[in-house]
Protein chains: 2
Amino acid sequence: MARKTKAEAALTKDRIVTCARQVFARDGVTNTSLEEVARVAGVTRGAVYWHFRNKADLFMAVRSQTGLLIQLGQAKVGDPLQRLENGLLQALQRLSEETAAQETYEVMLWKCEYVGEFAQVRDDLIGSGRLFLDDAETLYREARAAGIVAANLDPKTAAVATFCFYAGILKIWLGDTRGTILRQHAQQAIAHHIAQQRRIPLAATRQVDRRGPPAKDSSP
Amino acid sequence: MARKTKAEAALTKDRIVTCARQVFARDGVTNTSLEEVARVAGVTRGAVYWHFRNKADLFMAVRSQTGLLIQLGQAKVGDPLQRLENGLLQALQRLSEETAAQETYEVMLWKCEYVGEFAQVRDDLIGSGRLFLDDAETLYREARAAGIVAANLDPKTAAVATFCFYAGILKIWLGDTRGTILRQHAQQAIAHHIAQQRRIPLAATRQVDRRGPPAKDSSP
DNA sequence: GGTTTTACATACAGACATGTATGTAAAGGT
DNA sequence: ACCTTTACATACATGTCTGTATGTAAAACC
């Protein structure tokens with residue numbers, strides 16, 4: 001067959017990744033044959049094996065094409081708890097707006113078996129979880145310094161709790177395809193979770209003016 | 001081959017389920033062949049196909065052999081929030097003590113692709129999540145009536161938040177096999193999550209006497 | 001402009017899993 | 001004691017996936 005330009009080849013590679021994501025999301029990783037991926041991408045298995053070692057390698061490419069949902073480290077707006085809350089909200093927003101992100105996380109959380117070569121991917125997932133954890137701990141530490149959480153709040157513990165909450169909300173949000181459980185309440189649940197960390201929980205104060213400016217920056 | 005007694009047959013069936021759980025936990029559901037399950041159980045595929053329609057049916061049996069981790073409805077000790085906390089703690093305790101439960105949930109959360117016949121299992125999982133949610137909501141409603149949470153706390157929202165927290169803690173607890181992230185802090189995170197719901201968070205009060213009577217029942 | 005390398009398509013060999021069909025000997029009922 | 005059903009084991013037929021080896025024509029390089 002006629003050799004393709006470098007640019008064309010890169011396009012082909014990217015198309016294979018995109019199609020792999022879709023097929024993974026439909027059939028699950030293990031049940032997906034590379035031949036099916038190739039078919040959907042309009043190539044043959046030869047092309048797939050040219051660009052990727054095997055299915056695990058292709059899966060890695062799918063992951064890195066989507067990237068992480070949030071980087072708390074980059075949050076800039078509001079007090080520490082606001083930044084944390086915004087991060088969580090933004091993750092959900094990406095899930096609901098970007099089909100690619102939704103498919104990728106659907107695959108990672110519900111349609112992938114972390115066995116053999118994929119056990120490594122699992123460690124990677126846990127590793128990126130650690131990033132979240134560390135960022136969250138930093139935020140809680142700042143919040144404590146700013147006096148917006150209880151003085152005896154343990155940043156580590158609070159970060160772990162928020163991390164679990166985050167992991168669960170992603171899992172359930174994606175798992176509850178019919179939207180009967182979480183879809184409507186996710187944002188409120190996030191707001192609630194964060195509010196409960198505050199020293200004088202916002203949720204516990206009369207809040208007739210909920211539509212006003214969400215919170216003041218109380219940092220020095 | 002010589003026909004077995006009914007009792008022997010039941011024993012065989014149970015052994016197949018137990019071995020299936022182990023093999024699933026080791027190789028993942030999709031990568032597990034029924035022949036391997038049979039081999040480990042000391043029978044042939046004929047026995048497996050006699051007792052179960054196919055792999056999905058066998059997986060269902062594995063699930064129901066283990067059952068649910070917690071039933072919040074049965075909690076009896078302490079105030080509503082105490083009961084909720086105890087439920088969560090008990091779930092983790094079962095995970096760490098019972099190998100069977102650990103294996104089953106390891107499979108369900110990390111080594112199963114919910115596709116095709118298994119999509120039904122996924123709905124089932126979400127359904128049992130709904131049970132948890134309803135029970136938690138009831139507990140929060142009782143807690144509000146008892147005045148131990150803020151009067152304007154929305155039981156539904158709080159229940160959703162706790163549900164997500166629970167789902168995440170199970171996922172992470174099992175996923176973090178090296179124990180570097182969660183294993184040491186899980187109990188504290190649970191205590192923190194619950195404490196933050198209290199009107200005057202327990203975590204904010206000095207608690208040297210944590211081993212004393214957990215809480216007084218303040219319901220009428 | 002000739003050679004090398006690339007970007008695939010095609011072909012091949014082997015392994016493996018599934019479902020079913022059939023065999024069988026003893027248990028269970030009458 | 002006979003007949004039926006059970007609880008498997010064995011055998012078979014089929015489909016499917018994987019990895020690799022090989023072919024090829026044009027792009028890329030010098």
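Below, chain A is the first sequence line, B the second, and so on; all start at residue 1. Every value quoted in this text rests on a predicted model; they were computed, and no experiment measured them.
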Anything under 3.5 Å between a protein N or O and an N or O of nucleotides 3-5 of chain C, put it in a table, one pair a line.
{"residue": "C:dT5", "atom": "O2", "partner": "A:Arg3", "partner atom": "NH1", "Å": "2.8"}

- request: Say whether, by atom type as modelled, one donor and one acceptor occur between the side chain of A:Glu113 and the main chain of B:Thr30 under 3.5 angstrom.
  value: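 Present.
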
task: Name all residues meeting the side-chain contact (heavy atoms from CB on, under 4.5 Å) criterion together with A:Thr44; count only those two or more places apart in sequence or in a different chain, and write none if there are none.
output: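 Residues passing side-chain contact (heavy atoms from CB on, under 4.5 Å) with A:Thr44: none at all.
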
message: Run the side-chain contact (heavy atoms from CB on, under 4.5 Å) test against B:Arg144 and tell me which residues pass, sequence neighbours left out.
response: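 Scan of B:Arg144 (side-chain contact (heavy atoms from CB on, under 4.5 Å), adjacent residues dropped) gives B:Arg141, B:Val149, B:Pro155.
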
task: Identify, with sequence neighbours excluded, every residue that meets salt bridge (Lys or Arg N to Asp or Glu O under 4.0 Å) alongside B:Arg39.
output: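 For B:Arg39, the residues satisfying salt bridge (Lys or Arg N to Asp or Glu O under 4.0 Å) (neighbours in sequence not counted) are B:Glu36.
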
task: List for me each residue that meets salt bridge (Lys or Arg N to Asp or Glu O under 4.0 Å) alongside A:Arg53, sequence neighbours excluded, and say none if there are none.
output: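 None.
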
Gap between atom [atom2] of [Y] and atom [atom1] of [X] - 0.5 Å precision:
{"X": "A:Ile172", "Y": "B:Lys171", "atom1": "CD1", "atom2": "NZ", "result": "10.0 Å"}
{"X": "A:Lys76", "Y": "A:Asn86", "atom1": "NZ", "atom2": "CG", "result": "14.0 Å"}
{"X": "B:Thr104", "Y": "B:Leu109", "atom1": "OG1", "atom2": "CG", "result": "10.5 Å"}
{"X": "B:Tyr166", "Y": "B:Leu69", "atom1": "OH", "atom2": "CG", "result": "4.5 Å"}

task: Decide whether a cation-pi geometry holds between B:Lys111 and A:Phe118; the criteria are a distance under 6.0 Å from NZ or CZ to the six-membered ring centre and an angle within 45° of the ring axis.
output: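 No, B:Lys111 and A:Phe118 do not form such a contact.
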
query: Around B:Glu35, counting heavy atoms of other residues, nucleotides and ligands shown, do more than 12 lie under 6.0 Å from its CD?
result: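 No, the 6.0 Å shell around CD holds no more than 12 heavy atoms from other groups.
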
task: For atom CD of A:Gln187, decide whether the heavy atoms of other residues, nucleotides or ligands shown that lie under 6.0 angstrom number more than 12.
output: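 No, because the 6.0 Å sphere around CD of A:Gln187 holds 12 heavy atoms or fewer from other groups.
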
message: To the nearest 10°, give me the bend of the helix from C:dG1-D:dC30 to C:dT30-D:dA1, comparing the axes of its five terminal pairs at either end.
response: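 Taking five pairs per end, the axes differ by 30°.
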
Contact list for DNA chain D against [range] - heavy-atom distance below 4.0 Å:
{"range": "residues 43-62 of chain B", "answer": "B:Val43, B:Thr44, B:Gly46, B:Ala47, B:Trp50, B:His51"}
{"range": "residues 111-118 of chain A", "answer": "none"}
{"range": "residues 6-16 of chain B", "answer": "B:Lys6, B:Ala9, B:Thr12"}

- prompt: Relative to the ring of A:His193, is the ring of B:His193 parallel (under 30°), tilted (30 to 60°) or perpendicular (over 60°)?
  reply: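 Ring orientation of B:His193 relative to A:His193: parallel.
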
message: Please enumerate all residues that pass side chain to side chain donor-acceptor pair (under 3.5 Å) together with B:Tyr140, with sequence neighbours excluded.
response: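 Side chain to side chain donor-acceptor pair (under 3.5 Å) check on B:Tyr140 returns B:Thr162.
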
- prompt: Does A:Arg122 have any side chain to side chain donor-acceptor pair (under 3.5 Å) partners at least two apart in sequence or in another chain, and if so, which?
  reply: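 A:Arg122 satisfies side chain to side chain donor-acceptor pair (under 3.5 Å) with B:Glu106 only.
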
- prompt: Whole Å only: how far is the CZ atom of A:Arg39 from the C1' atom of C:dA9?
  reply: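 For the pair A:Arg39 CZ and C:dA9 C1', the rounded distance is 17 Å.
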
- prompt: Are side-chain heavy atoms of A:Phe52 and A:Lys13 found at a separation under 4.5 Å?
  reply: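 Yes - at least one pair of side-chain heavy atoms lies under 4.5 Å apart.
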
Strand-adjacent residues in residues 19-38 of chain B, judged by heavy atoms under 4.0 Å from DNA chain C: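 Listed by number, they are B:Thr32, B:Ser33, B:Leu34.
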
- prompt: Between the side chains of B:Gln196 and A:His192, is a donor N or O closer than 3.5 angstrom to an acceptor N or O?
  reply: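 No pair is found: no donor N or O on one side chain lies under 3.5 Å from an acceptor on the other.
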
